[in-house]
> 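One structure, pasted below without further comment.
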Amino acid sequence: MNTKISNNQERYINPYLGGVLLGLLVILTVYITGRGLGASGAVKSAVVTTSEIIAPTETQENAYMSRFISDDHSPMFTWLVFESLGVFFGGLLSGLLFGRVRKFRIDKGPGITNKKRLIFALIGGILFGIGSQFGRGCTSGAALSGSATFALGGVIAMFAIFGSGYIFAWFFRKLWI
Amino acid sequence: MGPLIPNGIIPAGWDFVIAILLGIVFGFLLEASGFSSSRNLAGVFYGYNFVVLRVFFTAVIVAMTGLLYFDYLGWIELSKIFILPTYLSPMIVGGIIMGLGFVIGGFCPGTSFTGIAIGKTDALVFTIGLYIGIYLFSLGFPLYEDFYSSGNMGNVTLTDVTGIPASWFAAAFTIIALAAFWGTSLIEKKVQKTIKEYKF
């Protein structure tokens, strides 16, 4: 790995410009659709869909997954799935424009191995997946879109996510610094 | 008058086309801001890179203020927009679990999708984790079904709960955000002197 490549050489847009544009996007999304952006809901749709294909009876009997099964369309045919597909392609577009689309690689802190980073990425993903179900959405759907529309739950999710992040950060500092 | 789709001004058939287009802009902005790298995202918790705080809080205050203006100008009926329901204790617990997942995994769901798009293996593994996590949650659901539905306050806004006008909250968040931007820029300068430059 080339140690001379530092973060400073990646070209990103100004964060305040990014924030203003993201805020305008939230307004536009609410103005058009009446609701905000999201991400975790798309993964939930994928879970319900694949589970229904592999084990239809068990899925329909599952008290949670059955809430998202409807007779007239597949759980993949929902707004958040299409939006998340867009998120992927939008990321790809930006990556191509700024020259960041390269072969698969791993970002990690200087003190840990690739293997350790991937194990923790998996555990982190599992936790985030579980938390987002209790939270009725993740950073996009609950914290960002929820807070932007003045929803009490959105503000609670936002403070809980970042507050907890700062509390736990100390215990996992070896992963990142 | 908005919201356009719920009010029938744009036919519902355009829903998914609009979803993809809005998603593309969302993904573009996340990636272009540097959210496709877990190193950048985790920086907010360790003080070496506050890009998450800058982008996120700017977006929240712009959207809050903008929606109030849209309402004031009569462009949108705020009564017709979706308000996230509040389930007090499950959302606090969920948020705490998400915060832990954020620090350990270095991503959140939306950002991990953009990470995969530009070739980050850790983002791909994180997303697989999300899938497993939601599946495990579904399997164990009967164990905590009661807790999951507890503390239901309905689709309430800050104004519904406190009686304080939304504009006051927008103003308060803006002041807090500006103070945080200033404070964290000082912290960042200090921390960056002590930290090794991070590599990709």
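Computed from a predicted model, the values in this text were never measured in an experiment. Numbers restart at 1 for each chain; the letters A, B, ... are given by sequence-line order, proteins then strands.
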> What residue, out of B:Val44, B:Leu136, B:Ile10, has the most heavy-atom pairs lying under 4.5 Å from chain A?
B:Val44
> Would you mind checking which part of B:Leu158 comes under 4.5 Å of any heavy atom in chain A, side chain (CB onward), backbone (N, CA, C, O), both or neither?
both
> Return the option, out of A:Phe88, A:Tyr166, A:Phe77, with the maximum number of heavy-atom pairs under 4.5 Å with chain B.
A:Tyr166
> Distance from A:Lys115 atom NZ to A:Phe120 atom CZ, nearest 0.5 Å?
12.0 Å
> Hey, what's the ring geometry for B:Tyr148 with A:Phe134, parallel, tilted or perpendicular (30° and 60° as the breaks)?
tilted
> With only heavy atoms counted, which part of B:Ala12 is less than 4.5 Å from chain A, the side chain, the backbone, both or neither?
neither
> Are side-chain heavy atoms of B:Phe45 and A:Trp170 found at a separation under 4.5 Å?
no
> Side chain, backbone, both or neither: which part of B:Phe16 has a non-hydrogen atom closer than 4.5 Å to chain A?
both
> Give the member of A:Leu22, A:Ile27, A:Leu96, A:Val30 that has the highest number of heavy-atom pairs under 4.5 Å with chain B.
A:Ile27
> Are A:Thr50 and B:Tyr131 close enough that a side-chain donor and a side-chain acceptor fall under 3.5 Å?
yes
> At a 4.5 Å cut-off on heavy atoms, which part of B:Tyr46 comes close to chain A: side chain, backbone, both, or neither?
side chain
> Any side-chain heavy-atom pair from B:Phe147 and B:Val93 closer than 4.5 angstrom?
yes
> Using a 4.5 angstrom heavy-atom cutoff, name the option from A:Gly135, A:Gly129, A:Ala148, A:Ala169 with the most pairs to chain B.
A:Ala169
> Does some side-chain heavy atom of B:Ser38 sit less than 4.5 Å from a side-chain heavy atom of B:Lys120?
no
> Would you indicate whether the side-chain heavy atoms of A:Arg67 and B:Phe141 approach each other to under 4.5 Å?
yes
> By a 4.5 Å heavy-atom criterion (distance strictly below it), what part of A:Arg117 contacts chain B: side chain, backbone, both, or neither?
side chain
> Who among A:Leu24, A:Val43, A:Val26 has the most heavy-atom pairs with chain B under 4.5 Å?
A:Val43
> Step through it carefully: locate the ring centre of B:Phe102, locate the ring centre of A:Phe168, and say whether they are under 6.0 Å apart.
no
> Hey, is A:Glu10 close enough to B:Arg39 for a salt bridge, meaning N to O under 4.0 Å?
no
> Quick one: what part of B:Phe70 sits under 4.5 Å from any heavy atom of chain A, side chain, backbone, both or neither?
side chain
> Is A:Ile167 close to chain B through its backbone or its side chain, or both, or neither, when contacts mean heavy atoms under 4.5 Å?
neither
> In terms of heavy-atom proximity below 4.5 Å to chain A, should B:Val161 be classed as side chain, backbone, both, or neither?
side chain
> Under 4.5 Å from any heavy atom of chain A, what part of B:Ile9 do you find: side chain, backbone, both or neither?
neither
> Would you check if B:Phe57 and B:Ile176 make a side-chain contact, meaning some heavy-atom pair closer than 4.5 Å?
no
> Give a yes or no on whether the ring-centroid distance for B:Phe181 and B:Phe50 is below 6.0 angstrom.
no
> So which residue, A:Leu175, A:Thr33, A:Leu85, ends up with the most heavy-atom pairs under 4.5 Å with chain B?
A:Thr33
> With a 4.5 angstrom heavy-atom cut-off, which part of A:Leu21 approaches chain B: side chain, backbone, both or neither?
both
> With chain B, which of A:Gly38, A:Ala142, A:Ser51, A:Ala63 has the greatest number of heavy-atom pairs at distances under 4.5 Å?
A:Ala63
